[in-house]
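Note that the structure is a prediction, hence the values are computed from the model and not measured. Residue numbers start from 1 in every chain, and the chains themselves are labelled A, B, ... in the order their sequence lines are given, proteins ahead of strands.
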Amino acid sequence: MDKDKVAEILVEIGTLLELKGENPFKTRAYGNGARTIQGLTEPLEKLVAEKRLGEIKGIGEALEQKITELVETGKLKYYDELKASIPPGLIQMLEISGLGPKKIQAMQKKLGVDSIAKLEAACKAGKVAELDGFGEKTQANILEGIELKRTYASKHRLGDALAVAEPMLEILREHPAVIRCSTAGSLRRFKEIIGDIDLLASSKKPTEVINFFVTQPGIVKVLAKGETKASVILEGGIQCDLRVVSDAEFPFALAYFTGSKEHNIVMRQRAIQRGLRLNEYGLFKSTEETRDAKLLVKCADEAEIFAKLDLVFVPPELREDHGEFSAAEKNDLPKLIEWTQLKGALHNHSTWSDGKNTLEEIAAHMEELGLEYWAITDHSKASFQANGLDAKRLREQIVEIKKLNEKIAARGSDFRLLTGSEVDILKDGLDFPDEVLAELDVVVASLHVAGSNEAENTKRLIRAAENPHVHMLGHLTGRLLLEREAYPLNVHAVIDACAATGTWIELNCNPWRFDLDWRHWFYAKSKGVKCVINPDAHRNAHAGFLRLGAGMARKGWLERADVVNTLNLKLLQNELKRKVTVK
DNA sequence: GCCGTTTTCGGCCCGACTGTTTTCAGTCG
């Protein structure tokens, strides 16, 4: 059993224990264990075989035993029994906003409610309101929560969230009572999937800002509204929370609400170790919880908070408790890539296959953006649904691109389109023979039709990496976020093959993909595999994905030198020729 | 369930908001 599956089961055990009313710290231990396992750089099987799991912080005796059983037998008796003892409907009920383990337990015990359907019926019959600790309002809120869950998804892709969050932030920034404002939460950390949008503002008149916020157009429902905090649902169903604090509190609140929760826990612990107390209002010279301004350690921004805890500034993307503390202590954090360092992209489409813009439109737009190059890598013929090119059309396209480049050069511009193909990885090799691939500037090899056999998929990708003409593997795992899982694949084996052959791996920055996942780049980087941040653009507006892709690369701790398309055109062209030469 | 320059037990981050209460429990982030 692989580590993702193990982590998934540990998380589920935590949830099930929560529903049983277990000690919250015990349930959290399972969640922590899951994150630890997921973040391992060594293969889990190896750690289990060598009995070294217990040496890892956060994995104790109980977790070691359970993980070992899972890895060695693919099953866990404790988990099966636990799962059998809890109706699956209860887990779904946990997803209803406002319902937690305690209320769910109470309703199950007293009303026999063990599914959302039964819960809805009990509310409509007025039975829930009669229970101790419940009332009319709670009952109505549960019904509304059921409706909201039905209507709206609880998870959203980063691109969709940014599209509504950034305009809202601009509106707040314009308000005269707002001093500073920022996104926070998973959005600021650039998680590929976010639950809700967190906004933070500082002001001397918080209530005024809150009142302004909840009356903005595009808000379909106000969930909660207090003096300093409001929660609303935006059109499209994304929840958006705003907190308003004083300007002196702003850096502390920003750090706090940016999280992650795991990162914050370590921050607080570091404060306590230094005889200080950290919360969202400040850092205090006290061992007691306090908000006493006389005890406040003033910090003008987040960097000063980190400094007081003997850390250098940790960029929001790295705040996942994934090793940022040990690196920040030693001033050993990576100098993360900036999206403005990207000079072009190497995987894009045009009207020749399934793209929406012509070669001329693409060249004009990308040059206008200040980029130096843009590779046209339309689909190969096996992707007939995408109007893939055969060798004849591909050669015609090469001629067109060369002509267009000559025109661009004639008016004194250094911008260039590059010729290329996103060649399909078929069952028995690539969709073009080597002599055709040899005519191209850029070759991206992608697996579009994968099988269900992990070994087979892995073998196909490794064989593609071994081809001297293939520069990079495209969207390696084939996942579509919130829609389709990655196909079964031994990612580490493919990364190893790329390391051995000098093949690059794409970080496809279409917000549906973000593939390869940021979590794998630690390993890829450790093996010396280079990244290419590609928008896989099907229309000119998709060039904007580059910014998101750079954010994902930052989450994967990548620096400028790790990313091929930070090179200027000349250096890039040298690199593109290198693989064939060394073979 | 994990952990230990407060070490094998007793903590574990903590405040805002809501709804139900009349001082607090549950939920959320």
Side-chain angles (χ1 to χ4, degrees), chain A residues 10 13-14 17-18 21-36 53-67 78 93-107 128-142 144-145 154 184-187 189 194-200 206 210 222-231 239-245 249 252-253 255-284 287-291 321:
Chain A
L10 293 181
I13 291 175
L17 290 175
E18 211 183 338
E22 262 292 358
N23 174 353
F25 296 105
K26 180 169 168 180
T27 65
R28 203 173 76 188
Y30 280 92
N32 288 342
R35 266 187 331 107
T36 306
L53 269 181
E55 295 168 16
I56 300 163
K57 192 168 152 33
I59 308 288
E61 226 173 295
L63 280 177
E64 176 172 24
Q65 181 269 319
K66 291 187 174 78
I67 294 166
Y78 172 77
M93 282 164 67
L94 213 44
E95 290 166 15
I96 295 168
S97 148
L99 278 192
K102 295 279 163 58
K103 282 187 182 156
I104 291 172
Q105 256 189 324
M107 290 189 291
V128 170
E130 293 166 8
L131 296 178
D132 282 351
F134 291 67
E136 290 292 336
K137 200 76 195 248
T138 305
Q139 181 170 273
N141 281 342
I142 292 173
E144 203 162 30
S154 59
S186 50
L187 191 68
R189 298 201 316 278
I194 67 132
D196 59 10
I197 295 168
D198 292 300
L199 300 177
L200 180 72
I210 293 287
V222 178
L223 295 171
K225 173 174 170 285
E227 304 267 299
T228 61
K229 181 187 164 181
S231 290
Q239 183 175 328
C240 179
D241 298 343
L242 171 67
R243 284 291 277 254
V244 187
V245 298
E249 290 164 347
F252 303 101
Y256 179 81
F257 289 111
T258 297
S260 62
K261 208 162 40 177
E262 294 79 14
H263 174 93
N264 285 352
I265 287 169
V266 179
M267 289 289 277
R268 279 181 190 268
Q269 283 165 347
R270 289 185 73 93
I272 291 168
Q273 284 160 9
R274 288 160 181 76
L276 302 168
R277 206 80 178 180
L278 179 67
N279 59 32
E280 63 255 57
Y281 299 104
L283 180 64
F284 299 95
T287 50
E288 302 290 315
E289 198 54 44
T290 179
R291 287 174 64 173
D321 192 18

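Closest to the A:N141 side chain, of the nucleotides B:dC2, B:dG19, B:dC13, is B:dG19. For A:A62, the listed nucleotide lying nearest its side chain is B:dG1; candidates were B:dT20, B:dG1, B:dC13. For A:A224, the listed nucleotide lying nearest its side chain is B:dC17; candidates were B:dT27, B:dC17, B:dG1. Across B:dC17, B:dC2, B:dC13, the shortest atom-to-atom separation from the side chain of A:T228 is found for B:dC17. Set against B:dC14, B:dG26, B:dG1, the side chain of A:K102 has B:dG26 as its closest nucleotide. For A:Q239, taking side-chain heavy atoms from C-beta onward, the closest of the listed nucleotides B:dG29, B:dG15, B:dT27 is B:dG29. You'll find that the side chain of A:K103 is closest to B:dG26, out of B:dG1, B:dG26, B:dC13. Nearest to the side chain of A:F25, among B:dC14, B:dC17, B:dG1, sits B:dG1. Side chain of A:K66, nearest nucleotide from B:dG1, B:dC13, B:dA16: B:dG1. For A:K57, taking side-chain heavy atoms from C-beta onward, the closest of the listed nucleotides B:dC3, B:dG1, B:dC12 is B:dC3.
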Item to check | Candidate pair A:I104 and A:I96, rule side chain to side chain contact (heavy atoms under 4.5 Å, CB included), full reasoning | outcome: CA-CA 10 Å; A:I104 291 172; A:I96 295 168; over 6 Å; no

Next on the checklist: Please determine whether side chain to side chain contact (heavy atoms under 4.5 Å, CB included) holds for the pair A:L200 and A:T258, giving the CA-CA distance in whole Å, both sets of side-chain angles, and the decisive distance to 0.1 Å.
Outcome noted: CA-CA 10 Å; A:L200 180 72; A:T258 297; over 6 Å; no

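When the nearest nucleotides of DNA chain B are assigned to A:K225 and A:D241 by heavy-atom distance, the more 5′-ward of the two goes with A:K225.
Between the P atom of B:dT5 and the CD atom of A:Q273 lies a distance of 10 Å, rounded to the nearest Å. Between the NZ atom of A:K229 and the C1' atom of B:dC28 there is a distance of 6 Å, rounded to whole Å. Spacing between atom CG of A:L223 and atom P of B:dG29 amounts to 10 Å, rounded to whole angstrom units. In this structure, CD1 of A:I265 is placed 9 Å from C1' of B:dC12, rounded to the nearest angstrom. The CD1 atom of A:I142 sits 12 Å away from the C1' atom of B:dT27 (whole-angstrom rounding). Rounded to whole Å, the distance from CG on A:L242 to P on B:dA16 is 15 Å.
Using modelled atom types, one side-chain atom of A:R274 and one backbone atom of A:R270 make a donor-acceptor pair closer than 3.5 Å. Without hydrogens or angle criteria, A:Q139 side chain to A:A129 main chain gives a donor-acceptor distance under 3.5 Å. Put simply, the side chain of A:T27 gets close to the backbone of A:P24: a donor and an acceptor are under 3.5 Å apart.
Look at A:S97 and you won't find any side-chain N or O under 4.0 angstrom from OP1 or OP2 of B:dC28. Checking the phosphate oxygens (OP1, OP2) of B:dC13, a side-chain nitrogen or oxygen of A:Q269 falls inside 4.0 Å. Residue A:Y281 has a polar side-chain atom (N or O) positioned under 4.0 Å from OP1 or OP2 of B:dA16. Close to B:dC17, at under 4.0 Å from its OP1 or OP2, lies no side-chain N or O of A:R243.
Atom name P, nucleotides B:dA16 and B:dT22: the rounded distance is 24 Å, in whole Å. Annotation: B:dG15 and B:dG10 have their C1' atoms spaced 24 Å apart (nearest Å). Rounded to a whole angstrom, the distance from the P atom of B:dC2 to that of B:dT6 is 23 Å. Rounded to a whole angstrom, the distance from the C1' atom of B:dT8 to that of B:dT20 is 41 Å. Taking the P atoms as reference points, B:dT18 lies 28 Å from B:dC12, given to the whole Å. Across the C1' atoms, B:dA25 and B:dT21 are found 9 Å apart, a figure rounded to whole Å. Rounded to whole Å, the C1' atom of B:dC28 lies 14 Å from the corresponding atom of B:dC13.
Base pairing of B:dT8 is not made with any nucleotide, judged by Watson-Crick or G-U wobble geometry with both donor-acceptor distances under 3.5 Å.
Note that CZ of A:F257 is 15.0 Å distant from CG of A:L187, once rounded to the nearest 0.5 Å.
Taking 3.5 Å as the limit, the base of B:dG29 and the side chain of A:D196 contain no donor-acceptor pair of atoms between them.
Contact annotation for A:L17: no contact, since no heavy-atom pair falls under 4.0 Å across all strands. No engagement by A:P24 is indicated, since no non-hydrogen atom pair under 4.0 Å with the nucleic acid exists.
More than 12 heavy atoms of other residues, nucleotides or ligands shown are found within 6.0 angstrom of CD on A:Q65.
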